[in-house]
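First the proteins, then the strands, lettered A, B, ... as listed; each starts at 1.
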There are 2 protein chains.
Amino acid sequence: MTERPDTPRSRRERPAKPALTREGIVAAAVAILRAEGLQKVTMRRLAQELDTGPASLYVYVRNTAELHAAVLDELLGTVGPAPAEGSWRERLERVLTAYTAMLFEHPSLARSALTARPSGPHYLNLIETLLALLDEGGVPPAQAAWGVDLLLQHATATAAEHSAEASEEDWDALRSTLRSVSDRTHPRIAALGDALLSGAPEARLSWALRALIAGIERTAVTD
Amino acid sequence: MTERPDTPRSRRERPAKPALTREGIVAAAVAILRAEGLQKVTMRRLAQELDTGPASLYVYVRNTAELHAAVLDELLGTVGPAPAEGSWRERLERVLTAYTAMLFEHPSLARSALTARPSGPHYLNLIETLLALLDEGGVPPAQAAWGVDLLLQHATATAAEHSAEASEEDWDALRSTLRSVSDRTHPRIAALGDALLSGAPEARLSWALRALIAGIERTAVTD
DNA sequence: ACCTGAACACCGTTCAAGT
DNA sequence: ACCTGAACACCGTTCAAGT
């Protein structure tokens, strides 16, 4: 019976294994996301990072989709408060642009947000902010309720489209397909030419948001 | 040297292995999609179906994303032609509703369409149809070009949201979160209550499409 | 050129068994 | 209740070797 053997390796190499908690798991997931992207935020990789087996995580997180949703709500906390200056339209556009910009840095997260919507505190704050701005603009509540969904969906989908999977080659392929179209079978596409794909992402987003807001304002909910 | 041995098993069990072609591969992928869903349309499963190894498919298809895009273009062929009756607005809404309805049956395909846009013949036809209807409505070409993108993105994202991954439980969770919100911290959410989540999918889609069209009509592209 | 077997480097999730 | 090792049932993609 050897008493007090050398401190075991595990004790030396890392600072005492912390107890598992949901917050700890989500924080570790955010760290991996920042360092290596969402495709590395897997149950196995995360377990490795937390010095445990993947099965242990299922005590705190139902599945991978729920984990990703929690990560998104966490990042939503970095978006910042509603701007104080400008018309309600300008402020609305700015809030949504900030939200989109955050997702642009993690397009794969945007992809998963489309199916597993976050329902955390930061997401609720964002919804409240958007509703307040639409209310300030005199948009009727029923339209505002559906409009918030439309605005957030557009922002999320736009970011998702810029996912790494959408490689530059694919874009070139679409570009050349559109350019080589016959004006007998597809006269309008031929006439528009590059206009279909023109514009910087910022300009297109800004235009789309203004179009959405204009449509939301003017379209009554009839039911 | 045995001449003409018994027909080998492989000859007996299936009708002569057909040569691999891109069309054959895509057709087999569509069959698997219909029977078992997109999550089973994998390189390995598809190879098994075609009685070969997964490596063989890479001669005809760059990767899984490209395969899924080809499958989507194939399904787009089932959407049917533009309706002949009604105002341009009504016809536009009907074309987009038909497109969305098709994707509703394969929401996971909608998910992948958001990142890997198809560029096949059926997709081009759809774009041409939408541009023609917007032109008929007198929408300026620059707005129409960007507007088509907005309309298709909305339809695709809406279908993607109804992905199987978005379980009923998650919806209930969001519903109860929204209902239990404090009216001190989130007065507008509290005031709206169930209005945020109200409405049948068809009613919401119809409203959204009308709002989008109204916005596209009225919002000039300034550059 | 086309096709293939085998390998590399991973996944999510479950379950029986331990503490 | 919480945690775990091990297993089950898969993935995409590459590459050297064959035809």
Side-chain angles (χ1 to χ4, degrees), chain A residues 8-11 14 16-26 28-29 32-33 35-71 108-109 111-112 115-116 163-167 169-170, chain B residues 8-11 14 16-26 28-29 32-33 35-71 108-109 111-112 115-116 163-167 169-170:
Chain A
R9 287 170 96 237
S10 61
R11 273 282 206 157
R14 14 180 116 228
K17 186 176 156 184
L20 285 179
T21 60
R22 195 178 208 269
E23 288 101 58
I25 289 169
V26 173
I32 296 174
L33 174 74
E36 305 173 58
L38 191 74
Q39 73 279 166
K40 298 282 183 179
V41 182
T42 66
M43 292 303 212
R44 291 181 111 104
R45 180 72 170 68
L46 191 50
Q48 186 189 307
E49 205 73 17
L50 292 166
D51 202 15
T52 183
S56 307
L57 304 177
Y58 285 81
V59 178
Y60 303 94
V61 165
R62 208 200 315 269
N63 51 39
T64 309
E66 193 194 295
L67 175 67
H68 289 177
V71 166
S108 49
L109 202 55
R111 278 200 85 179
S112 81
T115 41
S163 192
E165 286 105 85
S167 74
E169 285 166 47
D170 294 348
Chain B
R9 288 169 94 236
S10 60
R11 274 280 207 159
R14 15 179 116 229
K17 185 176 157 185
L20 285 179
T21 61
R22 196 179 208 268
E23 288 102 59
I25 290 170
V26 173
I32 297 175
L33 173 74
E36 306 173 57
L38 191 72
Q39 72 280 167
K40 299 280 184 181
V41 183
T42 65
M43 292 303 212
R44 291 181 109 105
R45 180 72 170 68
L46 191 51
Q48 186 189 306
E49 206 73 19
L50 293 166
D51 202 15
T52 182
S56 307
L57 305 177
Y58 285 82
V59 177
Y60 303 94
V61 165
R62 208 199 315 268
N63 52 38
T64 309
E66 194 193 295
L67 175 67
H68 289 177
V71 167
S108 48
L109 202 55
R111 279 200 83 180
S112 81
T115 41
S163 190
E165 287 104 84
S167 74
E169 286 167 48
D170 293 349

Original post:
Out of curiosity, B/Leu57 CG to B/Leu50 CG, how far, rounded to the nearest 0.5 Å?
Top reply: 6.5 Å
Subject >> B/Thr52 side-chain N/O to C/dC3 phosphate OP1/OP2 under 4.0 Å >> reply: no
**OP:** Mind checking side-chain hydrogen bond (donor to acceptor under 3.5 Å, both in side chains) for A/Glu36 and listing every partner two or more places apart, or none if nothing turns up?
**Re:** A/Arg45
Subject >> Pairwise P distance for C/dA9 and D/dA9, with rounding to whole Å >> reply: 24 Å
Original post:
Taking NZ, NE, NH1 and NH2 as the nitrogens, is one of them in B/Glu66 or B/Arg22 under 4.0 Å from a carboxylate oxygen of the other?
Top reply: yes
Original post:
Over how many whole Å does the gap from A/Leu57 atom CG to D/dG5 atom P extend?
Top reply: 12 Å
Subject >> Test side-chain hydrogen bond (donor to acceptor under 3.5 Å, both in side chains) applied to B/Ser56 - qualifying residues, sequence neighbours left out >> reply: B/Thr52
**OP:** Start with the C-alpha distance between A/Leu33 and A/Leu109, add both sets of side-chain angles, then the distance that settles side chain to side chain contact (heavy atoms under 4.5 Å, CB included), and finish with yes or no.
**Re:** CA-CA 9 Å; A/Leu33 174 74; A/Leu109 202 55; 4.1 Å; yes
Subject >> 5' priority, DNA chain C, between A/Thr42 and B/Ser56 [closest heavy atom] >> reply: B/Ser56
**OP:** Would you mind telling me which of D/dC2, D/dT13, C/dC2 lies closest to the side-chain atoms of A/Val59?
**Re:** D/dC2
Original post:
Of all the choices, D/dC3, D/dG12, C/dC11, which nucleotide is nearest to the side chain of B/Met43 once you look at every atom?
Top reply: D/dG12
Original post:
So what's the dot-bracket for DNA chain C: Watson-Crick or G-U pairs under 3.5 Å, [ ] if a pair crosses, | if it pairs off-strand?
Top reply: ||.|||||...|||||.||
Subject >> Gap in Å between the two C1' atoms, one belonging to D/dC3 and one to C/dT14, rounded >> reply: 14 Å
**OP:** May I ask you to decide if B/Arg111's main-chain N or O and A/Arg111's side chain share a donor-acceptor pair within less than 3.5 Å?
**Re:** yes
Original post:
A/Tyr58 side chain N/O closer than 4.0 Å to the phosphate oxygens (OP1, OP2) of D/dT4?
Top reply: no
Original post:
Which nucleotide sits closest to the side chain of B/Ala55: D/dA6, C/dG12, C/dT4?
Top reply: C/dT4
